[in-house]
Amino acid sequence: VYNLNRALALGVKARGNLGTFDRIAPYAEHDAGAFARLNLLGKGGALSAETGYEVKVGPDAPPSQGQVRANVNLKLKL
């Protein structure tokens, strides 16, 4: 994760068993991709949003079949 400033971060995520250095991604059940995260803090709460693009990784992965992900969180102090 690379923090551009207090509010914005960029990074790369991977999920699944990506294998070893000798045999990377032995199965197509792994996802990897880039993401961006925005955190806004306010008096009495916080709003964060994350979006990214993931693709399947592996020798049997379908070509050019990716997935866009988005997540929004709102935290309020009551």
- Task: Can you see which heavy atom on Val55 is nearest to which on Gly66, and at what distance?
- Result: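 Closest heavy-atom pair between Val55 and Gly66: CG1-CA, 4.0 Å.
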- Item | Residue pair Ala46 / Leu41: nearest heavy atoms and the distance that separates them |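 Closest approach of Ala46 to Leu41, heavy atoms only: CB-CD2, 3.7 Å.
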- May I ask you to list the residues sharing a hydrophobic cluster with Val12, side-chain cutoff 4.5 Å, ordered by chain and number?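 Noted: Val12 shares its cluster with no other residue.
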Transitively linked via ILVMFWY side-chain contacts under 4.5 Å: [X] with [Y]?
X     : Y     : value
Phe35 : Val68 : no
Leu10 : Val1  : no
Leu47 : Leu76 : yes

- Query: Tell me, which pairs form a salt bridge (Lys or Arg N to Asp or Glu O under 4.0 Å) where one or both residues lie in residues 33-47, sequence neighbours left out?
  - Reply: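 Those involving residues 33-47 are Arg37-Glu50.
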- Can you check side-chain contact (heavy atoms from CB on, under 4.5 Å) on Leu38 and Thr51, steps first, answer last? CA-CA 9 Å; Leu38 177 66; Thr51 186; over 6 Å; no
- Task: Sorted by first residue and then second, give each side chain to side chain donor-acceptor pair (under 3.5 Å) pair with at least one member in residues 69-78; sequence neighbours left out.
- Result: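 Qualifying pairs, neighbours excluded: Glu54-Arg69, Gln67-Arg69.
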